[in-house]
Each structure stands twice: as C-alpha cells, then as structure tokens.
Amino acid sequence: MKRRNFIGLGTAAGIAAGSASLLSFKQKDGPEKKEKRYQKGVSPWPICLDTATIRPATLADKVKIAAKAGFDAIEPWDGELAEYEKNGGNLKDLGKQIKDLGLFVPSVIGLWNALPPTQELFNASLQDTRRRMRMASDIGAQHIQTIPNTVGENFDRKWVADRYRDIIEIGLKEYNIQPALVFVKFFPLKTLGQAVGIALDANHPKAMVIPDVYHMYISEGGFEGIKLMKGDAFAIFQFNDAPATPALAQLEDKHRVYPGDGILPLTSILKDLKGTGFKGCVSLEMYNPEYWKQDLQKVAETGLRKTLEVIQKAGV
C-alpha cells in the first residue's frame with residue numbers, strides 16, 4: 001500500500017508499528033515549487049462558503065451569492081441537492097454553472113446514517129449512501145462528508161473503521177468521489193483524535209478527516225492535535241468562531257459567529273494548519289439564525305472579509 005502523509009513523524013514513534021504504512025517523510029523532488037495562493041495572494045488556501053451560512057436562500061441563489069462575494073468554492077448539503085432535483089433541476093448542469101462562475105465544489109454534506117452499528121443496518125443504509133454520492137458526483141464534488149451520527153454511544157472502533165473503508169471504496173470506484181470522516185460533539189464520535197483513529201484503522205490510502213474548529217472547541221478535544229498531522233490527512237477545514245457566552249457546555253451550532261468575532265485562537269490554529277502542509281479549502285461554516293435574518297449577500301461578503309482578516313493576522 002502506498003505511504004500516506006497522515007501524522008507527523010516526530011509524533012509517530014509510539015504508533016509506528018501499527019501504522020507505518022500511513023507515515024511518510026517529506027522529500028524534495030527537484031526545485032521547490034512556488035506556493036499557489038488565493039484571494040489576490042492573501043490566502044494560501046482557497047476559501048469556500050458552506051451553504052448553511054446563508055441557509056434561507058435557494059441553492060441556485062447560494063451559488064450566485066458565493067460567486068459574487070468572491071469565494072473560490074462552495075460546499076452544499078445533500079438535502080438541497082435532492083430538493084433541486086425534485087424541482088426539476090439537473091445537478092450536472094448545476095455543476096457546470098458552478099464551474100462557469102469560477103467556483104468549485106470541494107465537498108458535500110453529507111452521508112447521514114452511513115455508519116450504523118450492524119451489518120444489516122449498514123446494508124440497508126447503502127441505498128441512501130449511494131444516492132447521496134451520486135448527487136455529489138453529479139455536481140463535481142471532490143469529497144463527501146461521512147457523518148458518524150448513528151455509530152452508537154459505545155461504538156466498536158474496528159467496526160466503524162472497516163465500514164468507513166467500505167464507504168471509501170464505494171465512493172472511489174462507483175462515483176469517483178472521496179468520502180472523508182467528520183466528528184461532531186453532538187454525536188458519539190466527537191473529537192479530532194477519535195476521527196483520526198478511525199481513519200488510521202480504516203487502513204486505506206485515501207482515508208481523510210474534516211476538522212471543524214467549532215467542534216474541536218466544544219468537544220474539548222482541543223487544537224494541539226493539528227500540529228501533529230500531515231496536511232493531506234484533511235479533506236477540507238471548517239472555519240468559524242465561538243462566542244464567549246453562553247458557557248462552553250451550553251454552546252450549540254446556532255452560536256457560531258464570524259471568524260475574529262469570538263474567542264477561538266484562530267491565528268495560532270491557522271499557523272499550525274499551514275505547518276501541516278494543508279493545501280485544501282478553508283470553508284466558512286455557520287448556522288447562526290441571526291445571520292439568516294440579514295441580507296444574505298452581505299453575510300457572505302462579511303464572512304469572506306473576516307476570514308481573510310484572520311488569515312492576514314496569522315501571517316501565513
């Protein structure tokens with residue numbers, strides 16, 4: 001199996017025996033290439049708009065809003081893709097429109113109920129899993145989020161890893177899409193460490209995870225793990241901020257705020273992210289109902305501006 005840049009070698013000594021095939025040295029192949037930058041050189045990463053940030057708009061309008069605001073990419077949800085088709089839309093045509101507007105789709109959210117605890121339930125889930133993969137593939141998505149909402153409170157780590165591996169194989173072979181694993185404080189698989197453990201145990205060269213700074217914070221998993229990783233272990237990187245109030249234990253998704261408007265150590269997080277060699281999208285993801293009441297074009301533009309301001313402060 002090909003070596004994977006997953007976890008930094010300095011941290012890997014204790015796990016090398018079980019995970020050697022997933023570790024790799026950085027090697028120089030000829031002259032160093034000049035770094036590609038985005039947003040007029042401000043960002044080392046393309047900036048994506050998660051459509052939940054402007055949820056009340058139609059999917060067609062979300063695409064236009066993202067393009068007009070100046071985002072590089074857009075990250076839609078499976079439910080709005082299904083609704084778009086139900087209303088007579090063609091997702092392949094939508095994918096072309098997205099590309100024509102100068103955007104791309106790094107990821108779709110997501111594969112719900114895709115990791116249940118029994119073989120019978122897993123087999124039953126595959127119809128919906130394939131339907132969601134097909135929709136994501138039709139619009140040209142690179143990844144689709146594998147959501148561990150049904151793994152069970154006392155989940156079997158090996159079972160989940162093996163099923164995630166099955167999902168990766170289906171995505172790659174049948175739909176040319178790469179499923180990546182997410183973690184959510186409100187689900188049994190809550191932290192970056194747990195998600196990385198599952199991805200490692202999947203023992204697949206295309207296993208990846210999707211961090212979200214908000215869930216890293218509210219799950220109390222923390223941010224130090226980022227610097228232990230190799231950047232190509234991350235499919236995308238979900239970005240936002242958390243307010244000082246309410247208290248940590250009471251924070252919900254609806255409390256997400258613009259980057260820089262909260263208390264998260266975003267500049268140090270971005271410095272560590274840059275240090276991993278991550279080249280994917282930073283995706284602005286907020287579910288704040290107060291923002292949904294506002295001019296959605298302005299919300300998107302403000303979100304992009306504030307994201308870039310944090311990136312500039314980080315000096316990456």
Side-chain angles (χ1 to χ4, degrees), residues 2 4-6 22 38 45-53 59 62-63 66 71-82 91-92 94-95 98-99 103-115 126 128-149 160-161 163-184 187 189 192 195-196 198-200 202 204-213 215 226 229-239 273 276-285:
K2 293 182 180 179
R4 286 276 291 116
N5 290 339
F6 212 101
L22 290 173
Y38 302 84
W45 310 289
I47 308 301
C48 178
L49 178 66
D50 182 311
T51 56
T53 304
L59 180 56
K62 288 171 181 173
V63 172
F71 283 88
D72 300 294
I74 188 166
E75 185 182 15
W77 289 55
D78 66 295
E80 55 194 353
L81 297 183
L91 291 177
K92 290 183 178 180
L94 178 63
I98 290 170
K99 187 175 180 180
L103 302 170
F104 65 96
V105 184
S107 172
V108 164
I109 308 164
L111 299 179
W112 302 92
N113 312 317
L115 293 168
L126 289 178
D128 275 342
T129 290
R130 285 187 165 96
R131 176 180 61 83
R132 292 179 170 115
M133 286 183 178
R134 191 270 306 163
M135 292 190 300
S137 179
D138 280 353
I139 62 167
Q142 299 170 347
H143 302 279
I144 189 165
Q145 297 195 16
T146 307
I147 303 168
N149 60 315
V160 177
R163 300 295 73 75
Y164 173 47
R165 180 185 176 88
D166 291 342
I167 288 170
I168 295 172
E169 285 290 296
I170 292 170
L172 292 172
K173 292 179 179 178
E174 298 182 25
Y175 300 97
N176 193 32
I177 194 168
Q178 190 170 337
L181 187 65
V182 299
F183 56 94
V184 177
F187 300 152
L189 206 163
L192 174 63
V196 169
I198 295 295
L200 284 169
H204 194 288
K206 297 296 185 181
M208 303 179 83
V209 298
I210 297 179
D212 180 332
V213 295
H215 284 292
I226 294 173
M229 304 295 294
K230 295 288 187 177
D232 64 354
F234 299 152
I236 59 172
F237 194 81
Q238 304 282 20
F239 203 59
L273 182 65
T276 69
F278 176 66
K279 300 297 184 184
C281 275
V282 167
S283 185
L284 179 67
E285 181 181 53

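Numbers for residues simply follow the sequence, beginning at 1. Bear in mind that the values here come from a model prediction, so they are computed numbers and not experimental data.
- At least one side-chain heavy atom of Trp112 sits under 4.5 Å from a side-chain heavy atom of Arg132.
- With a 4.5 Å cut-off on side-chain heavy atoms, Met133 and Glu174 do not count as touching.
- Checked against Leu115 for a side-chain contact (heavy atoms from CB on, under 4.5 Å), the options Asn149, Ile198, Leu181, Ile147 give a single hit: Leu181.
- Here Asp212 contributes atom CG and Glu285 contributes atom CD; the two are 5.0 Å apart, rounded to the nearest 0.5 Å.
- A pairwise comparison of heavy atoms in Ile109 and Gln238 identifies CD1-NE2, 4.4 Å as the closest pair.
- In this structure, CD in Gln178 is found 12.0 Å from CD1 in Ile144, a value given to the nearest 0.5 Å.
- Using a 4.5 Å cut-off on side-chain heavy atoms (C-beta onward), Phe71 and Pro46 make no contact.
- Scanning all heavy atoms of the two residues, the minimum distance from Trp77 to Glu75 falls at CD1-O, 4.1 Å.
- Counting only heavy atoms from C-beta outward, the side chains of Met135 and Val108 never approach each other to under 4.5 Å.
- The minimum heavy-atom distance linking Gln142 with Ile177 is given by the pair O-CG1, 3.6 Å.
- What you find for Pro211 and Leu192 is that their closest heavy atoms are CG-CD1, 4.4 Å.
- Within the 4.5 Å cutoff, the side chain of Leu91 has heavy atoms near those of the Arg134 side chain.
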Do Asp166 and Arg163 pass the side chain to side chain contact (heavy atoms under 4.5 Å, CB included) test, and can you show the C-alpha distance, the side-chain angles, and the key distance before you say yes or no? CA-CA 5 Å; Asp166 291 342; Arg163 300 295 73 75; 2.8 Å; yes
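- Residue Ala66 comes nearest to Ile74 through the heavy atom pair CB-CD1, 4.1 Å, listed as atom of the first residue, atom of the second, then distance.
- More than 12 non-hydrogen atoms from other residues, nucleotides or ligands lie less than 6.0 angstrom from CG of Asp128.
- Between Cys281 and the choices Trp45, Phe104, Phe234, the side-chain contact (heavy atoms from CB on, under 4.5 Å) rule is met once, by Phe104.
- Between Met229 and Val196, the shortest heavy-atom distance links the atoms CE-CG2, 3.6 Å.
- If you run side-chain contact (heavy atoms from CB on, under 4.5 Å) between Pro179 and each of Ile167, Ile170, Thr129, only Ile167 comes through.
- A distance-only check finds no donor-acceptor pair linking the side chain of Ser107 to the backbone of Ile236 [under 3.5 Å].
- At least one side-chain heavy atom of Pro76 sits under 4.5 Å from a side-chain heavy atom of Leu59.
- Using cut-offs of 30° and 60° for the angle between ring planes, the Phe278 and Phe237 rings count as tilted.
- Taken from OG1 in Thr146 to CG in Leu111, the straight-line distance is 4.5 Å, to the nearest 0.5 Å.
- Interatomic distance, Phe239 CZ to Leu273 CG, rounded to the nearest 0.5 Å: 9.0 Å.
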